[in-house]
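What follows is a single structure, written as structure tokens, with notes after it.
Here is the naming used below: chain letters follow the sequence lines, and residue numbers restart at 1 for every chain. In this text the structure is predicted, and so the values were computed from the model without any measurement.
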Amino acid sequence: MASSHELTLNLVLPNGATRDVPAGTTGRDVVASIGPGLLKAAIAVAVDGDVFDLMTPLRKGGAFVVLKESDPRSLDLLRHSGAHILATAVRRLRPDAKIGFGPAIDDGFYYDFEVDKPFTPEDLEAFEAEMVKVAAEKFPFLREEVSKSEAQKRFADDPLKLERLAEFSDDEIISTYTDGPFIDLCRGPHVPDTSYLKNFKLLSAAAAYWRGDETRQMLQRIYATAFWKKDELEAHLHRITEARRRDHRVVGKQLDLFMFHPFAPGAAFWTERGTLLYNTLVDFVRGLQRADYKEIKTPLLYNKGLWETSGHWGKYRENMFLVLDSETSEHDFSLKPMNCPSHYLMYLAKKHSYRELPLRYATFDVLHRNEISGALSGLTRVRQFAQDDCHVFLMQSQIRDEVERLTKFILGYYSAFGLTARLKFATRPETRIGTDELWDGAELALREALDATGLPYELKPGDGAFYGPKIDFDVTDSIGRHWQLGTIQLDYNAPDRFDLNYTGEDNADHRPVVIHRAVSGSFERFIAILIEHFAGAFPVWLAPEQVRVLPIADDFAPVAREVTQRMRDAGIRATLDDGNDTLNYRIREAETMKTPYMAVIGKREAEAGTLAVRERGQGKKQEVVAVDAFIARVLEEIRTRALPVAVES
RNA sequence: GCUGACGUAGCUCAAUUGGCAGAGCACCUGAUUUGUAAUCAGGCGGUUGCGAGUUCGAUUCUCGCCGUCAGCUCCA
């Protein structure tokens, strides 16, 4: 903190002008000296990229920028201040509530309270109304820097704050922020006063452990969000309701795709329709991999010796399903939670030449992981699933080309669904195996491969696995949500543990590198994402039922049956609904099931050899086409995997 | 796993202070033969998740178990 001893701070404004101010001058004074108009719009300032609010004394000089609402960094201030305003309101209505932490988070903010009884939805409404009042009262956020003993005095009634205070060293700056009746131990920064909070919404209340520690007491956390602009808030709330409407658990039931049963918690039952969807996806991946991957199947059950070799028997065992061996009466066997070790066994079964590399083993086997019961959630967190798993065995020198190839493969797969991805490059973590030279080489190869794709990527230093760096694929769906799906991970550990070798050009043994690759994470989770992405209205090639044929009356059922059969023979998933119900009723049924096409056959069509085609979601708009032309058109849509014209929103 | 909420017909939901468990849809039967989002009538359907307890009496109150949902990283 050498800079805090500077007497004069040199601030460089964006236009190049400089300003010398005494250390301890607040941002507000500096901004005011630039212009009163600017002060009105200012939310905070940044010095050399560090954000300070207007009431904080500046202790260092550097590049000086005034943050207005338009600066994305200012939103965090609004939200963090929102948390204080929430606490202000809660304390007014529930003076006994002890306060925990209240930070801004990605989509809003929260505040933790220790209370005897959990908050009810009615409580939240009352708090929200009170927050409106607090905002209207326009309390300035007052910052004070105090000694530790003074702070302990101020928070004498707040045990959670005292606990935090006890952790401060004596030379740290301890600050408090006060807005009206509420004082909080807080580093800041904050907006100037409570009236800045205009567009906010309390979302939910739920329990959270104090400091995320399950051995500590439960607090009541209130989640909320806030935006500068009303339409931004409304868009966010709309996204929340839209996500609820598309919930794959609800849609999956409506479309009759899968179910769960208490006798198999965390494992999906796939209905006939769901299985069609599932298999279509698997077939798609299989087709893409036909040329240069070797698909293999390996056992589901293994002796613990394999997991001891792989290292999973130690820490990961609690996540594995152990199976009792009736001869030894011990849990010596386990269902595989991943395919990697079994692929190594397959690799070890033969001698391999450098000429074979890169060697790509792909597997769609069922995996089991014993997730804790509270983590289970629909298809997104399950105990039984299948990955589109692949392990590449290759030489160090091949990493760059291979990663580039895998990256393009994964992105190509996503684009088939209209999904876009952001790439994240995770480098060496603090605890890791392998020499620095090895990591240098691996990271360089990955980086070169990434650069070669020409795509932007985000750097996540220290986020790699202990055995190697990785690239993660963060996918954005049609309502703007992010999902971490694919991954490309370099592994220098497994080849050593399993003593994997290949014979090089020099006729000597060499150690290959292993790349773990997954594209959709698991089919289960990916299907959940697709259901929500498409809101159940799958593109024709994916739809379990592609065409529903509807004769208007019994007289046309024979023709309809014949047409249905022709479609099926052509490879279209067509069904006939010649039920006793009215046409209106049957159309409604088909629409509800999000069937892409309805083909209606009445007198006119039967005589002319045509179909009155109704497209999903297009209402009465219909098109009369020849049966053959329609079949050709659907087949073409399947072949090109055409996406719905507008991914419904 | 922990905290909280929830669990009623295949589905979505009702059931005043504890007093015979209902509706719509689905399903079955019959009538109707339908021209682009629900034809009409009748009928079937339940050990109220499971197991204990309190009570004259439990869907309702208490406890245990099972399951589902939300939250449990984002740091004063």
Between [X] and [Y], a side-chain donor and acceptor under 3.5 Å:
X: A/Tyr177; Y: A/Asp53; answer: yes
X: A/Ser334; Y: A/Trp313; answer: no
X: A/Thr610; Y: A/Glu605; answer: no
X: A/Asp184; Y: A/Tyr111; answer: yes
X: A/Tyr209; Y: A/Arg211; answer: no

Between [X] and [N], is there a contact of a side-chain N or O with OP1 or OP2 at under 4.0 Å?
X: A/Arg586; N: B/U34; answer: no
X: A/Tyr585; N: B/C25; answer: no
X: A/Thr582; N: B/U39; answer: yes
X: A/Tyr110; N: B/C74; answer: yes

Separation of the [atom1] atoms in [N] and [M], to the nearest angstrom:
N: B/G53; M: B/A58; atom1: C1'; value: 11 Å
N: B/U55; M: B/U12; atom1: C1'; value: 34 Å
N: B/C66; M: B/C27; atom1: P; value: 37 Å
N: B/U36; M: B/C50; atom1: P; value: 47 Å
N: B/U47; M: B/C56; atom1: P; value: 27 Å
N: B/G45; M: B/A21; atom1: C1'; value: 13 Å
N: B/G4; M: B/C75; atom1: C1'; value: 24 Å
N: B/U59; M: B/U16; atom1: C1'; value: 14 Å

* pair A/Thr194-A/Phe141: side-chain heavy atoms closer than 4.5 Å -> yes

Heavy atoms only, 4.0 Å cut-off, all strands: where does [X] land among base, sugar-phosphate and nothing?
X: A/Asn580; answer: base
X: A/Ser204; answer: nothing
X: A/Glu605; answer: base
X: A/Phe263; answer: nothing
X: A/Leu219; answer: nothing
X: A/Arg221; answer: sugar-phosphate
X: A/Ala151; answer: nothing

* Base-pair map of RNA chain B as dot-bracket, where | denotes pairing with a different strand and pairs are Watson-Crick or G-U under 3.5 Å -> (((((((..((((.....[..)))).(((((.......))))).....(((((..]....))))))))))))....

Once hydrogens and angles are ignored, does a donor-acceptor distance under 3.5 Å link the base of [N] to the side chain of [X]?
X: A/Tyr209; N: B/G1; result: yes
X: A/Arg616; N: B/A37; result: no
X: A/Asp554; N: B/U34; result: no
X: A/Glu371; N: B/G1; result: no

* Asked: For A/Glu371 and A/Arg381, what are the C-alpha separation, side-chain angles and deciding distance, and is it a salt bridge (Lys or Arg N to Asp or Glu O under 4.0 Å)?
  -> CA-CA 8 Å; A/Glu371 303 287 350; A/Arg381 273 301 277 284; 2.8 Å; yes

* Between A/Lys253 and A/Gly617, which is nearer to the 5' end of RNA chain B once each is assigned its nearest nucleotide? -> A/Lys253

* Structure fact -> On RNA chain B, more 5' by nearest nucleotide between A/Arg249 and A/Gln220 is A/Gln220

* Is the charged tip of A/Arg369 near the ring of A/Phe321: under 6.0 Å from the six-membered ring centre and within 45° of its axis? -> no

* Asked: Taking it one step at a time, do A/Tyr597 and A/Phe630 satisfy ring-ring contact (aromatic ring centres under 6.0 Å, His included)?
  -> CA-CA 10 Å; A/Tyr597 288 112; A/Phe630 177 69; 5.4 Å; yes

* Structure fact -> Out of B/U33, B/G67, B/G71, minimum distance to the side chain of A/Pro262 belongs to B/G67

